Participant: 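One structure, as structure tokens, below. Some questions next.
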Amino acid sequence: MKNCTNLLVLCYFLSGVTGNMLITNHQLLKVRIMAVITLFLAVVIILIIIYQQNLKNKECTIRRLSPNLQNYIQQQKENEIRIKQNKELLLSDKNLSKA
């Protein structure tokens, strides 16, 4: 962290600060705060990028599986209709055998 701070202090002074080259505690504090804010923003940006990539992957998966899911749902509805018809046939067979 000290090397990073020294580098930031050097950049701070090369960026246009003129006059005395003494680094005050206040200036050093400003540089450290800027470094922490920069690191925080970099982490936030990286997290946002990762989150967007995950969303994009999920969207692609949903689009890829959507036709399969629709077929599955249709097949399930057809199976439920067949089960209902079979139950009705079984009931009618039982009623016919009792009579």
Side-chain angles (χ1 to χ4, degrees):
M1 180 70 178
K2 187 176 181 180
N3 290 336
C4 183
T5 303
N6 290 339
L7 181 61
L8 287 171
V9 169
L10 179 63
C11 291
Y12 179 74
F13 282 107
L14 292 176
S15 68
V17 176
T18 58
N20 192 351
M21 288 300 286
L22 278 174
I23 301 172
T24 64
N25 286 337
H26 182 68
Q27 290 169 326
L28 189 58
L29 181 63
K30 276 185 181 180
V31 170
R32 286 184 177 163
I33 290 172
M34 288 188 318
V36 169
I37 291 172
T38 303
L39 289 173
F40 177 75
L41 289 176
V43 168
V44 168
I45 290 170
I46 289 171
L47 289 175
I48 289 172
I49 291 170
I50 291 171
Y51 180 74
Q52 286 179 337
Q53 287 177 343
N54 285 340
L55 282 179
K56 192 183 265 186
N57 289 340
K58 287 179 183 180
E59 180 185 2
C60 289
T61 301
I62 289 171
R63 285 187 183 181
R64 190 185 73 230
L65 294 177
S66 181
N68 293 341
L69 290 174
Q70 290 173 358
N71 289 338
Y72 175 77
I73 290 170
Q74 182 63 33
Q75 185 67 41
Q76 193 172 21
K77 287 179 183 178
E78 290 173 5
N79 288 343
E80 288 173 358
I81 292 171
R82 286 184 186 151
I83 289 171
K84 185 178 177 182
Q85 289 172 346
N86 287 340
K87 284 182 179 180
E88 289 173 358
L89 284 173
L90 284 174
L91 283 176
S92 67
D93 283 347
K94 283 184 182 180
N95 289 338
L96 286 176
S97 65
K98 286 184 180 179

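If you're wondering where the values come from, they're calculated on a predicted model, not measured in any experiment. Any value given below was found using the heavy atoms of this structure, including those in side chains, with hydrogens, waters and symmetry copies removed.
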Participant: Do Leu41 and Ile33 sit in one hydrophobic cluster, given that two such residues count as connected whenever their side-chain heavy atoms are within less than 4.5 Å of each other, even indirectly?
Facilitator: yes
Participant: Will you find, in the side chains of Asn79 and Gln75, an N or O donor that is under 3.5 Å from an N or O acceptor?
Facilitator: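 Gln75 and Asn79 do have a side-chain donor-acceptor pair below 3.5 Å.
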Participant: To the nearest 0.5 Å, how far apart are OG1 in Thr24 and NZ in Lys30?
Facilitator: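 The OG1 atom of Thr24 sits 8.0 Å away from the NZ atom of Lys30.
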Participant: Checking Gln52 side chain against Ile49 main chain: does a donor-acceptor pair fall under 3.5 Å?
Facilitator: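 No; judged by distance alone, with no hydrogens or angles, the pair does not exist.
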Participant: If we check side chain to side chain contact (heavy atoms under 4.5 Å, CB included) with Glu78, which of these qualifies: Glu80, Gln76, Gln74?
Facilitator: Gln74
Participant: What is the distance from atom CG of Asn68 to atom CD of Gln70, rounded to the nearest 0.5 Å?
Facilitator: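 The CD atom of Gln70 is 9.5 Å from CG of Asn68, to the nearest 0.5 Å.
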Participant: Side chains of Asn86 and Ile83: closer than 4.5 Å at any heavy-atom pair?
Facilitator: no
Participant: Under a 4.5 Å side-chain heavy-atom rule over Ile, Leu, Val, Met, Phe, Trp and Tyr, are Ile37 and Leu29 clustered together?
Facilitator: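 Linked within one cluster.
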Participant: Following the transitive rule for hydrophobic clusters with a side-chain heavy-atom cut-off under 4.5 Å over Ile, Leu, Val, Met, Phe, Trp and Tyr, establish whether Val44 and Val36 coincide in one cluster.
Facilitator: no
Participant: Roughly how far, to the nearest 0.5 Å, is the CG atom of Leu55 from the CD atom of Gln53?
Facilitator: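 Going from CD on Gln53 over to CG on Leu55, the span is 10.5 Å.
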Participant: Got a second to check how far Cys60's SG is from Arg64's CZ, nearest 0.5 Å?
Facilitator: 8.5 Å
Participant: If you measure from the Lys or Arg side-chain nitrogens to the Asp or Glu carboxylate oxygens, is any gap between Arg63 and Glu59 under 4.0 Å?
Facilitator: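 A salt bridge links Arg63 with Glu59.
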